[in-house]
Amino acid sequence: MGAVTLIAMHVVLTIAEIVVFGLAAGSLAIVVSDRSLRRIVPWVWTGLVGALGLFAAAIGFLAATSRSALSVFAAGIGLVIVAAFLRARPGFWRKRGLPPGSMSLISSLKALAHRDFYANRANRHGPIFKMAQYHHRVICVVGLERGHRLLRDRAASIAASPLPFTQEIAGGFLRYMDAETHRVYAPLFRRALAKSVVAAAAPTTRAAADRELQRLAADSSAGAVAPGPFLERIVFESFMRVLFGMEIGTESYDRFASAYQALADQPLSSPLGEAARAAVTSLRAMLLEQSERLRTNSGPLCTLSELGRADPSMPDDVCLDNIVFVLRLSTANVESLLHWLLDTVGRHPAWVGPMRDELATDRDGGADLFDRVIAETLRLGQSEYLFRTITEDFEFEGFRFPRGWQMRVCVWESHRDASTFTEPAQFCPERFGERDFSRSEYSPFGWGQHACNGVALTSMICRAVLEGLVSGFEVEVTGGEPAEHGPRHWNHWRPNAALRLRLAAR
Ligand code: HEM
């Protein structure tokens with residue numbers, strides 16, 4: 001081979017490498033320059049900047065040390081680019097009967113940072129589309145009627161998408177239980193979390209709300225404060241009373257709260273550590289003791305006592321573990337909704353006056369403005385999705401749903417259907433007074449056999465806080481926008497961590 005040919009090959013190779021590295025770095029740079037990604041999921045953004053830095057360092061190192069290794073590296077990156085390009089085409093896997101939609105990592109990251117991602121994809125591809133959530137393959141379904149029909153008609157080919165902690169729970173966590181076990185325990189828990197049980201804990205919850213709001217007002221006299229710790233205490237105290245009949249200031253409450261801390265500190269996305277596992281064992285023992293106390297002393301009406309009344313052989317290990325994990329998971333749901341409610345009050349202060357008027361005129365009414373404000377906040381803020389795993393291939397509305405894929409019924413996007421909710425992006429609590437919405441139009445608490453059994457409890461706590469807030473204080477809320485998201489696709493959107501509250505007694 002002549003010298004000229006060698007030089008030409010060398011030049012072509014170098015140009016090809018520059019193109020490959022340029023394309024890879026350019027794609028990463030485009031993602032990194034997404035301001036929403038940086039603001040909303042800063043950890044993911046930092047990771048990507050790190051990856052970009054490492055990539056540049058690897059190229060520099062190889063260029064300085066081994067020309068041939070650099071070429072091999074470029075070839076590898078080139079293959080990755082080609083694969084990524086193919087997967088990013090909406091028509092990818094369409095021949096296999098799958099719905100349209102990009103499987104690219106870039107789209108996956110956009111879903112974390114852009115709240116309208118799923119709605120935009122549905123506008124582009126139709127109500128059934130596919131996407132990647134990191135390495136998971138997911139089919140998204142928009143439209144509650146469609147989603148519910150799918151869950152009902154293909155129930156035999158769909159299973160729960162459990163988080164790892166469920167393996168640690170006797171019988172599994174209610175939400176992820178097998179159908180046979182669920183048939184036994186779901187009715188028990190529905191009864192044990194019924195309205196009457198929850199109502200018995202309302203005075204404790206109101207007292208906790210009043211006390212914490214007073215504290216918050218005192219603390220915020222020097223400047224607005226983050227409401228999180230105050231809301232946490234209200235919610236925890238209320239749950240302790242509803243679930244276990246335990247009142248703050250008692251020995252059993254203090255013992256339980258202190259043992260519970262290790263479980264509270266355990267992230268539920270990873271398997272339980274030793275400390276959390278030990279905590280569950282001692283919490284279980286304490287609850288058995290409490291259950292006996294409630295039985296012999298005819299203690300206050302609560303979930304634990306109601307489980308025993310429904311079936312004298314209860315609570316067994318399945319009940320005890322589930323009740324502990326209901327505390328661990330569902331307190332977070334309610335705290336989050338309370339943050340959304342504060343954010344709502346901050347952005348729509350005009351509704352505070354009407355809420356006060358309603359308190360003055362109709363304290364015992366049925367569904368009133370408070371219920372409507374909570375319902376509208378759930379619609380716009382918190383209700384997001386139902387996740388399931390596809391256990392065997394099936395077809396639905398002309399598309400193949402392959403075994404092993406995840407399925408996401410997009411609730412938040414369905415709650416913005418303009419044919420059901422006029423001006424869907426607007427906060428308009430009155431829409432819930434003007435007409436009733438069916439379950440296939442509005443269902444923030446899920447649907448079917450796994451629908452939420454904490455609706456009464458959620459409503460009671462939210463009302464206690466909202467009523468205490470507007471009746472007792474002038475309220476100033478700042479900083480909840482833009483909403484934030486965690487690094488996982490199943491994390492929920494929440495008001496910005498900069499949300500601050502300032503209260504002054506009226
Ligand atoms: C803002 C508050 C809440 C929201 C938005 C919410 C939402 C939901 C949703 C959407 C589901 C269905 C999940 C699915 O089908 O995959 C669900 C189930 C469930 N929720 Fe809630 N929830 C809330 C509060 C609570 C509270 C306070 C409790 C406990 C007392 C609770 C306990 C449960 C349980 C045990 C299930 C599973 C029920 C079963 O499978 O039988 N939730 N929730």
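All ligand and atom numbering here is 1-based and tracks the order in the structure. Nothing here was measured: the structure is a model prediction, and the numbers come from that model.
Counting only N and O atoms by type, the side chains of S108 and Q133 include no donor and acceptor under 3.5 Å apart. Side-chain N/O atoms of S336 and H492 include no donor and acceptor closer than 3.5 Å.
For Y442 and F432, the gap between ring centers is short of 6.0 Å.
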Could you tell me, for ligand 1, which of its N or O atoms are under 3.5 Å from any protein N or O, listing the pairs and their distances rounded to 0.1 Å?
from, atom 1, to, atom 2, distance (Å)
ligand 1, 15 (O), R388, NH2, 2.8
ligand 1, 16 (O), R388, NH1, 2.8
ligand 1, 40 (O), L174, O, 3.3
ligand 1, 40 (O), H182, NE2, 3.2
ligand 1, 40 (O), H450, ND1, 2.6
ligand 1, 41 (O), H182, NE2, 2.7
ligand 1, 43 (N), R175, NH2, 3.2

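Identified under the salt bridge (charged side-chain N to carboxylate O under 4.0 Å, His left out) test for residues 317-342, with sequence neighbours left out: R284-D321.
F401 pairs by the ring pair (Phe, Tyr, Trp, His ring centres under 6.0 Å) definition with F394, not counting sequence neighbours. Among residues two or more places apart in sequence or in another chain, the side-chain hydrogen bond (donor to acceptor under 3.5 Å, both in side chains) test is passed with S282 by none.
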